[in-house]
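Here the structure is laid out as C-alpha coordinates; the discussion comes afterwards.
Numbers restart at 1 for each chain; the letters A, B, ... are given by sequence-line order, proteins then strands.
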Protein chains: 2
Amino acid sequence: MSTARGARARARIEVTAAIKDEARRQLAKEGAAKLSLRAVARELGMVSSALYRYFPSRDDLLTALITDAYDSLGATAEAAHGKVAADGPIRRWAAVCEAVRGWALAHPHEYALIYGSPVPGYAAPDSTVPAASRVGLLLIDIVRDAHQGRGVALTPLPAELEPEARRMAEDLAPDLPPEAVTALVAAWAQLFGLIGFELFGQFHRVVEDREAFFRNAATRLGHGVGLVFPQGGGTAGGGNRPGS
Amino acid sequence: MSTARGARARARIEVTAAIKDEARRQLAKEGAAKLSLRAVARELGMVSSALYRYFPSRDDLLTALITDAYDSLGATAEAAHGKVAADGPIRRWAAVCEAVRGWALAHPHEYALIYGSPVPGYAAPDSTVPAASRVGLLLIDIVRDAHQGRGVALTPLPAELEPEARRMAEDLAPDLPPEAVTALVAAWAQLFGLIGFELFGQFHRVVEDREAFFRNAATRLGHGVGLVFPQGGGTAGGGNRPGS
DNA sequence: TCCAAAGCAAGAGCAGTGCTCTCGATTGTG
DNA sequence: CACAATCGAGAGCACTGCTCTTGCTTTGGA
(Lines give C-alpha, C1' and ligand atoms only; values in the text may rest on other atoms or scores of the structure.)
Protein backbone atom coordinates (compact mmCIF):
# COMPACT_ATOMS: atom_id res chain seq x y z
CA MET A 1 0.00 0.00 0.00
CA SER A 2 2.95 2.26 0.46
CA THR A 3 4.00 1.73 -3.15
CA ALA A 4 2.80 4.70 -5.11
CA ARG A 5 0.05 3.81 -7.53
CA GLY A 6 0.35 6.64 -9.97
CA ALA A 7 3.25 8.50 -11.38
CA ARG A 8 1.95 11.58 -9.65
CA ALA A 9 2.07 10.03 -6.21
CA ARG A 10 5.56 8.80 -6.93
CA ALA A 11 6.65 12.25 -7.99
CA ARG A 12 5.14 13.67 -4.83
CA ILE A 13 7.19 11.55 -2.49
CA GLU A 14 10.25 12.23 -4.58
CA VAL A 15 9.79 15.98 -4.41
CA THR A 16 9.04 15.74 -0.72
CA ALA A 17 12.28 13.88 -0.19
CA ALA A 18 14.18 16.38 -2.30
CA ILE A 19 12.82 19.22 -0.22
CA LYS A 20 13.83 17.53 3.00
CA ASP A 21 17.26 16.75 1.60
CA GLU A 22 17.89 20.33 0.58
CA ALA A 23 16.49 21.58 3.88
CA ARG A 24 18.79 19.23 5.74
CA ARG A 25 21.70 20.54 3.69
CA GLN A 26 20.87 24.12 4.62
CA LEU A 27 20.30 23.07 8.19
CA ALA A 28 23.76 21.55 8.37
CA LYS A 29 25.30 24.64 6.83
CA GLU A 30 23.58 27.48 8.64
CA GLY A 31 21.48 26.08 11.43
CA ALA A 32 17.77 25.89 12.03
CA ALA A 33 17.30 29.60 12.54
CA LYS A 34 18.48 30.39 9.03
CA LEU A 35 16.51 27.67 7.33
CA SER A 36 14.55 29.54 4.68
CA LEU A 37 11.69 28.07 2.71
CA ARG A 38 12.44 30.43 -0.13
CA ALA A 39 16.07 29.42 -0.26
CA VAL A 40 15.14 25.76 -0.33
CA ALA A 41 12.69 26.37 -3.16
CA ARG A 42 15.22 28.50 -5.01
CA GLU A 43 17.84 25.79 -4.79
CA LEU A 44 15.35 23.26 -6.08
CA GLY A 45 14.44 25.46 -9.02
CA MET A 46 10.91 26.11 -7.95
CA VAL A 47 9.03 29.02 -6.58
CA SER A 48 8.42 29.38 -2.87
CA SER A 49 4.67 29.06 -3.04
CA ALA A 50 4.96 25.67 -4.71
CA LEU A 51 6.66 24.34 -1.64
CA TYR A 52 3.54 24.86 0.41
CA ARG A 53 1.92 21.99 -1.47
CA TYR A 54 4.26 19.68 0.37
CA PHE A 55 4.67 21.33 3.74
CA PRO A 56 1.90 23.59 5.02
CA SER A 57 4.36 25.74 6.92
CA ARG A 58 7.97 26.14 7.83
CA ASP A 59 7.35 24.56 11.19
CA ASP A 60 5.93 21.47 9.53
CA LEU A 61 9.10 21.13 7.53
CA LEU A 62 11.03 21.39 10.77
CA THR A 63 8.82 18.77 12.35
CA ALA A 64 9.60 16.39 9.51
CA LEU A 65 13.30 17.05 9.95
CA ILE A 66 12.99 16.49 13.68
CA THR A 67 11.35 13.12 13.24
CA ASP A 68 13.98 12.14 10.70
CA ALA A 69 16.75 13.23 13.03
CA TYR A 70 15.36 11.18 15.91
CA ASP A 71 15.15 8.20 13.61
CA SER A 72 18.64 8.71 12.28
CA LEU A 73 20.03 8.94 15.79
CA GLY A 74 18.01 5.95 16.93
CA ALA A 75 19.15 3.84 14.00
CA THR A 76 22.77 4.79 14.60
CA ALA A 77 22.53 3.86 18.26
CA GLU A 78 20.80 0.59 17.49
CA ALA A 79 23.37 -0.31 14.87
CA ALA A 80 26.21 0.41 17.27
CA HIS A 81 24.52 -1.70 19.88
CA GLY A 82 24.05 -4.54 17.44
CA LYS A 83 27.77 -4.74 16.84
CA VAL A 84 28.50 -5.40 20.50
CA ALA A 85 25.31 -7.24 21.38
CA ALA A 86 27.31 -10.22 22.63
CA ASP A 87 29.37 -8.17 25.07
CA GLY A 88 28.61 -7.38 28.67
CA PRO A 89 26.16 -4.66 29.69
CA ILE A 90 28.66 -1.87 30.44
CA ARG A 91 30.34 -2.41 27.12
CA ARG A 92 27.00 -2.22 25.36
CA TRP A 93 26.02 0.81 27.43
CA ALA A 94 29.24 2.59 26.57
CA ALA A 95 28.91 1.67 22.92
CA VAL A 96 25.45 3.21 22.74
CA CYS A 97 26.58 6.34 24.56
CA GLU A 98 29.52 6.79 22.26
CA ALA A 99 27.36 6.20 19.22
CA VAL A 100 24.98 8.91 20.37
CA ARG A 101 27.88 11.27 20.91
CA GLY A 102 29.35 10.39 17.53
CA TRP A 103 26.08 11.09 15.79
CA ALA A 104 25.75 14.39 17.64
CA LEU A 105 29.23 15.50 16.61
CA ALA A 106 28.52 14.50 13.03
CA HIS A 107 25.15 16.24 12.91
CA PRO A 108 25.41 19.15 15.33
CA HIS A 109 22.57 21.18 13.90
CA GLU A 110 20.23 18.24 13.78
CA TYR A 111 21.19 17.45 17.34
CA ALA A 112 20.44 21.02 18.33
CA LEU A 113 17.10 20.66 16.61
CA ILE A 114 16.00 17.74 18.74
CA TYR A 115 17.85 18.27 22.02
CA GLY A 116 18.46 22.00 22.01
CA SER A 117 16.06 24.77 22.81
CA PRO A 118 12.69 24.10 21.25
CA VAL A 119 11.50 26.52 18.57
CA PRO A 120 9.31 29.44 19.71
CA GLY A 121 5.72 28.40 20.23
CA TYR A 122 6.33 25.00 18.81
CA ALA A 123 5.36 21.85 20.69
CA ALA A 124 6.53 18.57 19.22
CA PRO A 125 3.50 16.61 18.05
CA ASP A 126 2.95 13.14 19.47
CA SER A 127 4.00 11.67 16.15
CA THR A 128 7.61 12.29 17.09
CA VAL A 129 7.36 10.26 20.29
CA PRO A 130 8.20 6.81 18.88
CA ALA A 131 11.26 8.06 17.04
CA ALA A 132 12.34 10.09 20.04
CA SER A 133 12.11 7.08 22.33
CA ARG A 134 14.44 4.76 20.48
CA VAL A 135 17.64 5.62 22.35
CA GLY A 136 15.87 5.49 25.68
CA LEU A 137 14.36 2.12 24.93
CA LEU A 138 17.75 0.82 23.95
CA LEU A 139 19.21 1.89 27.28
CA ILE A 140 16.31 0.26 29.10
CA ASP A 141 16.98 -3.01 27.27
CA ILE A 142 20.61 -2.98 28.29
CA VAL A 143 19.80 -2.37 31.93
CA ARG A 144 17.09 -5.01 31.83
CA ASP A 145 19.53 -7.60 30.52
CA ALA A 146 22.01 -6.67 33.22
CA HIS A 147 19.45 -7.04 35.98
CA GLN A 148 18.01 -10.22 34.50
CA GLY A 149 20.86 -12.36 35.68
CA ARG A 150 21.28 -11.24 39.24
CA GLY A 151 19.86 -8.40 41.22
CA VAL A 152 22.22 -5.45 41.39
CA ALA A 153 22.45 -3.42 44.54
CA LEU A 154 21.46 0.20 44.06
CA THR A 155 21.21 2.91 46.65
CA PRO A 156 17.71 2.84 48.12
CA LEU A 157 15.20 5.52 47.24
CA PRO A 158 14.17 8.28 49.63
CA ALA A 159 10.61 7.95 50.80
CA GLU A 160 9.44 11.06 48.97
CA LEU A 161 10.43 9.57 45.62
CA GLU A 162 9.06 6.09 46.13
CA PRO A 163 5.58 6.56 44.64
CA GLU A 164 6.93 8.37 41.60
CA ALA A 165 9.64 5.76 41.14
CA ARG A 166 7.04 3.00 41.28
CA ARG A 167 4.95 4.83 38.71
CA MET A 168 7.88 5.34 36.36
CA ALA A 169 8.87 1.70 36.64
CA GLU A 170 5.30 0.66 35.89
CA ASP A 171 5.31 2.81 32.77
CA LEU A 172 8.77 2.15 31.41
CA ALA A 173 9.97 -1.23 32.64
CA PRO A 174 7.67 -3.10 35.01
CA ASP A 175 10.18 -5.91 35.35
CA LEU A 176 12.87 -3.63 36.75
CA PRO A 177 13.16 -2.40 40.33
CA PRO A 178 11.98 1.21 40.74
CA GLU A 179 15.36 2.43 41.92
CA ALA A 180 16.95 1.09 38.75
CA VAL A 181 14.40 2.83 36.54
CA THR A 182 14.84 6.08 38.43
CA ALA A 183 18.59 5.92 38.09
CA LEU A 184 18.22 5.05 34.44
CA VAL A 185 16.02 8.01 33.61
CA ALA A 186 18.43 10.30 35.38
CA ALA A 187 21.41 8.79 33.59
CA TRP A 188 19.58 9.17 30.30
CA ALA A 189 19.15 12.90 30.86
CA GLN A 190 22.69 13.25 32.17
CA LEU A 191 24.10 11.56 29.10
CA PHE A 192 22.63 14.24 26.91
CA GLY A 193 23.87 16.85 29.33
CA LEU A 194 27.42 15.69 28.68
CA ILE A 195 26.90 15.68 24.93
CA GLY A 196 25.10 18.99 24.87
CA PHE A 197 27.78 20.74 26.88
CA GLU A 198 30.46 19.47 24.56
CA LEU A 199 28.51 20.35 21.44
CA PHE A 200 27.31 23.75 22.53
CA GLY A 201 30.72 24.98 23.56
CA GLN A 202 30.39 24.82 27.32
CA PHE A 203 33.53 22.70 27.52
CA HIS A 204 35.53 25.37 25.72
CA ARG A 205 38.80 25.80 27.58
CA VAL A 206 37.63 23.31 30.19
CA VAL A 207 37.78 19.85 28.67
CA GLU A 208 40.33 19.21 25.95
CA ASP A 209 40.51 15.45 25.49
CA ARG A 210 36.80 15.11 25.11
CA GLU A 211 36.95 11.62 23.72
CA ALA A 212 38.57 10.20 26.83
CA PHE A 213 36.55 12.39 29.14
CA PHE A 214 33.29 11.26 27.64
CA ARG A 215 34.23 7.61 27.61
CA ASN A 216 34.96 7.77 31.32
CA ALA A 217 31.87 9.77 32.18
CA ALA A 218 29.61 7.50 30.15
CA THR A 219 31.07 4.42 31.81
CA ARG A 220 30.53 5.94 35.24
CA LEU A 221 26.98 6.68 34.18
CA GLY A 222 26.59 3.00 33.41
CA HIS A 223 27.90 2.06 36.83
CA GLY A 224 25.34 4.41 38.33
CA VAL A 225 22.50 2.37 36.91
CA GLY A 226 23.90 -0.86 38.25
CA LEU A 227 26.02 -2.12 35.38
CA VAL A 228 29.12 -3.82 36.71
CA PHE A 229 32.73 -3.68 35.60
CA PRO A 230 33.80 -5.99 32.79
CA GLN A 231 36.38 -7.70 34.95
CA GLY A 232 33.95 -7.91 37.82
CA GLY A 233 32.08 -10.90 36.39
CA GLY A 234 33.86 -13.36 38.62
CA THR A 235 34.41 -15.89 35.85
CA ALA A 236 37.39 -14.05 34.40
CA GLY A 237 34.98 -12.19 32.17
CA GLY A 238 35.08 -12.64 28.45
CA GLY A 239 35.23 -9.13 27.15
CA ASN A 240 38.15 -7.76 29.05
CA ARG A 241 40.45 -7.72 26.07
CA PRO A 242 41.57 -4.23 25.20
CA GLY A 243 39.51 -2.83 22.37
CA SER A 244 41.21 -1.33 19.36
CA MET B 1 34.00 56.75 37.26
CA SER B 2 30.90 54.81 36.41
CA THR B 3 28.69 57.74 37.42
CA ALA B 4 27.65 59.50 34.29
CA ARG B 5 29.05 62.98 34.07
CA GLY B 6 26.61 64.52 31.65
CA ALA B 7 22.91 64.25 31.27
CA ARG B 8 23.46 62.68 27.90
CA ALA B 9 25.57 59.86 29.23
CA ARG B 10 23.00 59.26 31.92
CA ALA B 11 20.24 59.13 29.35
CA ARG B 12 22.27 56.69 27.33
CA ILE B 13 22.60 54.10 30.03
CA GLU B 14 18.95 54.58 30.89
CA VAL B 15 17.82 53.98 27.33
CA THR B 16 20.17 51.02 27.07
CA ALA B 17 18.61 49.52 30.16
CA ALA B 18 15.12 50.20 28.86
CA ILE B 19 15.94 48.42 25.62
CA LYS B 20 17.28 45.40 27.47
CA ASP B 21 14.27 45.37 29.75
CA GLU B 22 11.82 45.43 26.89
CA ALA B 23 13.86 42.86 25.01
CA ARG B 24 13.83 40.62 28.06
CA ARG B 25 10.10 41.03 28.27
CA GLN B 26 9.65 39.95 24.67
CA LEU B 27 12.14 37.15 25.20
CA ALA B 28 10.12 35.81 28.09
CA LYS B 29 6.92 36.04 26.12
CA GLU B 30 7.88 34.66 22.73
CA GLY B 31 11.38 33.27 22.90
CA ALA B 32 14.65 34.30 21.38
CA ALA B 33 13.69 33.41 17.82
CA LYS B 34 10.87 35.95 17.82
CA LEU B 35 12.82 38.73 19.43
CA SER B 36 12.42 41.61 17.00
CA LEU B 37 14.44 44.79 17.08
CA ARG B 38 11.59 46.63 15.43
CA ALA B 39 9.08 45.41 17.96
CA VAL B 40 11.33 46.49 20.83
CA ALA B 41 11.76 49.91 19.30
CA ARG B 42 8.04 50.17 18.61
CA GLU B 43 7.18 49.36 22.18
CA LEU B 44 9.65 51.97 23.38
CA GLY B 45 8.15 54.60 21.11
CA MET B 46 11.16 54.98 18.92
CA VAL B 47 12.04 54.03 15.42
CA SER B 48 14.03 50.90 14.68
CA SER B 49 17.08 52.65 13.31
CA ALA B 50 17.50 54.62 16.53
CA LEU B 51 18.06 51.36 18.34
CA TYR B 52 21.24 50.76 16.40
CA ARG B 53 22.84 53.63 18.30
CA TYR B 54 22.80 51.38 21.34
CA PHE B 55 23.28 47.91 19.93
CA PRO B 56 25.10 47.51 16.63
CA SER B 57 23.11 44.43 15.74
CA ARG B 58 20.47 42.07 16.96
CA ASP B 59 23.10 39.57 17.95
CA ASP B 60 24.79 42.15 20.13
CA LEU B 61 21.53 42.69 21.94
CA LEU B 62 21.32 38.94 22.43
CA THR B 63 24.87 38.87 23.72
CA ALA B 64 23.99 41.48 26.31
CA LEU B 65 20.98 39.45 27.35
CA ILE B 66 23.12 36.32 27.55
CA THR B 67 25.63 37.95 29.85
CA ASP B 68 22.82 39.29 32.01
CA ALA B 69 21.21 35.86 32.15
CA TYR B 70 24.44 34.21 33.25
CA ASP B 71 24.83 36.82 35.93
CA SER B 72 21.25 36.49 37.08
CA LEU B 73 21.63 32.73 37.34
CA GLY B 74 24.98 33.04 39.06
CA ALA B 75 23.65 35.52 41.59
CA THR B 76 20.65 33.31 42.32
CA ALA B 77 22.86 30.29 42.85
CA GLU B 78 25.25 32.23 45.07
CA ALA B 79 22.42 33.63 47.13
CA ALA B 80 20.94 30.19 47.63
CA HIS B 81 24.32 28.89 48.65
CA GLY B 82 24.79 31.73 51.08
CA LYS B 83 21.65 30.76 52.94
CA VAL B 84 22.98 27.28 53.69
CA ALA B 85 26.67 28.11 53.89
CA ALA B 86 26.86 26.65 57.36
CA ASP B 87 25.45 23.28 56.34
CA GLY B 88 27.32 20.24 55.14
CA PRO B 89 28.60 19.91 51.60
CA ILE B 90 25.80 17.77 50.16
CA ARG B 91 23.20 20.12 51.53
CA ARG B 92 24.99 23.04 49.97
CA TRP B 93 25.45 21.13 46.74
CA ALA B 94 21.77 20.24 46.61
CA ALA B 95 20.79 23.81 47.45
CA VAL B 96 22.80 25.17 44.55
CA CYS B 97 21.41 22.56 42.17
CA GLU B 98 17.86 23.32 43.18
CA ALA B 99 18.47 27.04 42.88
CA VAL B 100 19.73 26.56 39.35
CA ARG B 101 16.69 24.49 38.50
CA GLY B 102 14.41 27.03 40.09
CA TRP B 103 15.93 29.84 38.10
CA ALA B 104 15.62 27.80 34.93
CA LEU B 105 11.95 27.09 35.53
CA ALA B 106 11.33 30.75 36.28
CA HIS B 107 13.23 31.99 33.22
CA PRO B 108 12.90 29.23 30.62
CA HIS B 109 13.66 31.39 27.61
CA GLU B 110 16.70 32.94 29.20
CA TYR B 111 17.86 29.48 30.18
CA ALA B 112 17.40 28.34 26.59
CA LEU B 113 19.42 31.31 25.51
CA ILE B 114 22.46 30.34 27.54
CA TYR B 115 22.25 26.55 27.73
CA GLY B 116 20.19 25.68 24.68
CA SER B 117 21.29 25.52 21.09
CA PRO B 118 23.55 28.44 20.25
CA VAL B 119 22.28 30.90 17.68
CA PRO B 120 23.33 30.32 14.06
CA GLY B 121 26.80 31.53 13.36
CA TYR B 122 27.11 33.09 16.74
CA ALA B 123 30.04 32.36 19.04
CA ALA B 124 29.84 33.71 22.56
CA PRO B 125 32.52 36.36 23.03
CA ASP B 126 35.03 35.88 25.81
CA SER B 127 33.33 38.65 27.74
CA THR B 128 30.63 36.18 28.76
CA VAL B 129 33.11 33.76 30.30
CA PRO B 130 33.26 35.22 33.83
CA ALA B 131 29.48 35.38 34.16
CA ALA B 132 29.12 31.93 32.69
CA SER B 133 31.59 30.46 35.17
CA ARG B 134 29.88 31.50 38.36
CA VAL B 135 27.82 28.38 38.94
CA GLY B 136 30.76 26.15 38.10
CA LEU B 137 33.04 28.00 40.48
CA LEU B 138 30.45 27.67 43.20
CA LEU B 139 30.33 23.92 42.74
CA ILE B 140 34.12 23.76 42.83
CA ASP B 141 34.13 25.64 46.12
CA ILE B 142 31.71 23.20 47.67
CA VAL B 143 33.70 20.19 46.59
CA ARG B 144 36.90 21.83 47.75
CA ASP B 145 35.47 22.39 51.21
CA ALA B 146 34.32 18.80 51.37
CA HIS B 147 37.73 17.47 50.44
CA GLN B 148 39.51 19.88 52.72
CA GLY B 149 38.62 18.00 55.84
CA ARG B 150 39.42 14.43 54.89
CA GLY B 151 40.26 12.82 51.59
CA VAL B 152 37.28 11.20 50.00
CA ALA B 153 37.66 7.95 48.11
CA LEU B 154 36.72 8.22 44.47
CA THR B 155 36.93 5.56 41.82
CA PRO B 156 40.38 5.73 40.24
CA LEU B 157 40.87 7.15 36.76
CA PRO B 158 41.60 5.00 33.74
CA ALA B 159 45.09 5.48 32.38
CA GLU B 160 43.89 7.13 29.17
CA LEU B 161 42.25 9.93 31.10
CA GLU B 162 45.01 10.62 33.57
CA PRO B 163 46.91 13.33 31.67
CA GLU B 164 43.73 15.18 30.81
CA ALA B 165 42.47 14.89 34.38
CA ARG B 166 45.73 16.29 35.66
CA ARG B 167 45.48 19.16 33.21
CA MET B 168 41.90 19.96 34.18
CA ALA B 169 42.77 19.88 37.86
CA GLU B 170 45.69 22.21 37.24
CA ASP B 171 43.39 24.67 35.48
CA LEU B 172 40.34 24.53 37.68
CA ALA B 173 41.35 23.48 41.16
CA PRO B 174 45.00 22.62 41.71
CA ASP B 175 44.32 21.71 45.32
CA LEU B 176 41.86 18.98 44.40
CA PRO B 177 42.72 15.45 43.28
CA PRO B 178 42.34 15.00 39.51
CA GLU B 179 39.67 12.33 39.87
CA ALA B 180 37.55 14.73 41.92
CA VAL B 181 37.87 17.47 39.33
CA THR B 182 37.01 15.08 36.53
CA ALA B 183 33.95 13.84 38.37
CA LEU B 184 32.98 17.40 39.15
CA VAL B 185 33.12 18.60 35.55
CA ALA B 186 31.03 15.62 34.50
CA ALA B 187 28.52 16.24 37.26
CA TRP B 188 28.35 19.89 36.25
CA ALA B 189 27.38 18.96 32.70
CA GLN B 190 25.01 16.26 33.90
CA LEU B 191 23.23 18.69 36.18
CA PHE B 192 22.30 20.83 33.23
CA GLY B 193 21.30 17.71 31.34
CA LEU B 194 18.69 17.01 33.99
CA ILE B 195 17.43 20.58 33.94
CA GLY B 196 17.46 20.85 30.16
CA PHE B 197 15.50 17.65 29.72
CA GLU B 198 12.87 18.82 32.15
CA LEU B 199 12.65 22.26 30.66
CA PHE B 200 12.66 21.26 27.01
CA GLY B 201 9.92 18.71 27.38
CA GLN B 202 11.92 15.52 27.20
CA PHE B 203 10.41 14.36 30.48
CA HIS B 204 6.91 14.70 29.08
CA ARG B 205 4.95 11.59 30.04
CA VAL B 206 8.09 10.17 31.65
CA VAL B 207 8.73 12.01 34.88
CA GLU B 208 5.76 13.47 36.71
CA ASP B 209 6.98 14.42 40.18
CA ARG B 210 9.92 16.37 38.85
CA GLU B 211 10.61 18.11 42.10
CA ALA B 212 11.32 14.89 43.95
CA PHE B 213 13.03 13.31 40.98
CA PHE B 214 15.42 16.20 40.61
CA ARG B 215 16.18 16.42 44.30
CA ASN B 216 17.19 12.78 44.32
CA ALA B 217 19.18 12.97 41.09
CA ALA B 218 21.02 16.09 42.23
CA THR B 219 21.88 14.50 45.53
CA ARG B 220 23.20 11.40 43.78
CA LEU B 221 25.22 13.71 41.60
CA GLY B 222 26.74 15.16 44.75
CA HIS B 223 27.62 11.71 46.00
CA GLY B 224 29.33 11.04 42.71
CA VAL B 225 31.80 13.84 43.34
CA GLY B 226 32.62 12.58 46.79
CA LEU B 227 30.17 14.45 48.99
CA VAL B 228 28.99 12.28 51.85
CA PHE B 229 25.58 11.80 53.40
CA PRO B 230 24.41 14.27 56.05
CA GLN B 231 23.93 11.56 58.63
CA GLY B 232 27.25 9.99 57.77
CA GLY B 233 29.24 12.56 59.69
CA GLY B 234 29.63 10.35 62.70
CA THR B 235 28.78 13.03 65.26
CA ALA B 236 25.02 12.62 64.89
CA GLY B 237 25.16 15.21 62.17
CA GLY B 238 23.78 18.63 62.76
CA GLY B 239 21.61 19.15 59.73
CA ASN B 240 19.62 15.97 59.65
CA ARG B 241 16.46 17.61 60.80
CA PRO B 242 13.78 17.57 58.11
CA GLY B 243 13.81 20.87 56.30
CA SER B 244 10.56 22.66 55.67
C1' DT C 1 -12.97 7.73 -24.69
C1' DC C 2 -14.24 12.06 -22.73
C1' DC C 3 -14.54 15.31 -18.94
C1' DA C 4 -14.94 17.04 -14.52
C1' DA C 5 -12.14 17.05 -10.46
C1' DA C 6 -8.11 17.19 -8.21
C1' DG C 7 -3.18 18.26 -7.97
C1' DC C 8 0.26 21.28 -9.21
C1' DA C 9 3.64 25.34 -10.36
C1' DA C 10 3.90 30.09 -11.01
C1' DG C 11 3.37 34.86 -10.03
C1' DA C 12 1.82 38.86 -7.56
C1' DG C 13 1.26 40.65 -3.29
C1' DC C 14 1.08 41.51 1.99
C1' DA C 15 3.10 42.25 6.33
C1' DG C 16 7.00 41.75 8.63
C1' DT C 17 12.22 41.46 9.45
C1' DG C 18 17.49 43.18 10.06
C1' DC C 19 20.20 46.65 8.59
C1' DT C 20 22.16 51.01 6.08
C1' DC C 21 22.28 55.67 4.92
C1' DT C 22 21.08 60.35 5.00
C1' DC C 23 19.30 64.42 7.15
C1' DG C 24 18.15 67.71 10.64
C1' DA C 25 18.11 68.64 15.66
C1' DT C 26 20.15 68.45 20.12
C1' DT C 27 23.94 68.43 23.16
C1' DG C 28 28.55 68.80 25.28
C1' DT C 29 33.19 70.85 24.78
C1' DG C 30 37.11 73.60 23.04
C1' DC D 1 30.30 81.17 20.71
C1' DA D 2 31.30 77.80 17.41
C1' DC D 3 32.56 73.26 16.25
C1' DA D 4 32.05 68.42 16.63
C1' DA D 5 29.99 64.47 18.47
C1' DT D 6 25.72 62.32 19.33
C1' DC D 7 21.11 61.23 18.57
C1' DG D 8 16.20 60.34 16.50
C1' DA D 9 13.57 60.09 12.39
C1' DG D 10 12.64 58.56 7.90
C1' DA D 11 13.31 56.30 3.53
C1' DG D 12 14.90 52.42 1.46
C1' DC D 13 17.08 47.64 0.37
C1' DA D 14 16.98 42.80 0.42
C1' DC D 15 15.04 39.32 2.63
C1' DT D 16 11.48 36.36 5.11
C1' DG D 17 6.85 33.33 5.76
C1' DC D 18 2.61 33.02 3.90
C1' DT D 19 -1.88 33.76 0.98
C1' DC D 20 -4.47 34.04 -3.11
C1' DT D 21 -5.41 33.77 -7.85
C1' DT D 22 -4.44 32.04 -12.44
C1' DG D 23 -3.65 28.69 -15.60
C1' DC D 24 -1.80 23.92 -16.85
C1' DT D 25 -1.44 18.84 -16.24
C1' DT D 26 -2.63 14.53 -14.48
C1' DT D 27 -6.03 11.41 -12.71
C1' DG D 28 -9.94 8.46 -12.19
C1' DG D 29 -14.76 7.59 -12.99
C1' DA D 30 -18.84 7.56 -16.33
Nucleotide [N], atom [atom2] - distance to [atom1] of [X] in whole Å:
X	N	atom1	atom2	value
R58(A)	dG17(D)	CZ	P	6 Å
L51(B)	dT20(C)	CG	P	13 Å
D59(B)	dT17(C)	CG	C1'	14 Å
L37(B)	dC15(D)	CG	C1'	15 Å
E30(A)	dC15(D)	CD	C1'	14 Å
I19(B)	dC7(D)	CD1	P	11 Å
D60(A)	dT19(D)	CG	P	11 Å
K34(B)	dT16(D)	NZ	C1'	13 Å

Report the relative orientation of the aromatic rings in W188(B) and F192(B); use parallel for angles under 30°, tilted for 30 to 60°, perpendicular for over 60°.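 Geometry flag for F192(B) against W188(B): perpendicular rings.
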Classify the ring geometry between Y115(B) and Y70(B) as parallel (under 30°), tilted (30 to 60°) or perpendicular (over 60°).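 Aromatic pair Y115(B)/Y70(B) classed perpendicular.
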Want to settle it: does S48(A) or R53(A) sit nearer the 5' end of DNA chain C, counting the closest nucleotide to each?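 Its nearest nucleotide being more 5', the pick is R53(A).
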Do E208(B) and E164(A) come close enough that some side-chain heavy atom pair is under 4.5 Å?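 Yes, side chains in contact.
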Would you state whether a donor and an acceptor, one from the side chain of [X] and one from the base of [N], lie under 3.5 Å apart?
X	N	answer
S49(A)	dA9(C)	no
R12(A)	dG7(C)	no
R38(B)	dG16(C)	no

Which nucleotide wins on minimum distance to the side chain of [X], given the candidates [options]?
X	options	answer
Y54(B)	dG8(D), dG17(D), dT17(C)	dG8(D)
R8(B)	dT27(C), dT17(C), dG17(D)	dT27(C)
R42(B)	dC19(C), dT17(C), dC23(C)	dT17(C)

Check: D60(B)/T63(B) side-chain N/O donor and acceptor closer than 3.5 Å: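 T63(B) and D60(B) do not have a side-chain donor-acceptor pair below 3.5 Å.
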Flag for T128(B)-T67(B): side-chain donor and acceptor within less than 3.5 Å: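 Side chains of T67(B) and T128(B): no pair found under 3.5 Å.
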Counting any heavy atom closer than 4.0 Å, what does [X] reach on the DNA or RNA strands: base, sugar-phosphate only, or nothing?
X	answer
L61(B)	nothing
F55(A)	nothing
S57(A)	sugar-phosphate
L44(A)	nothing

Using only side-chain N and O atoms of S36(A), determine if any of them is under 4.0 Å from OP1 or OP2 of dG17(D).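 It does, given that an N or O in the side chain of S36(A) lies less than 4.0 Å from OP1 or OP2 of dG17(D).
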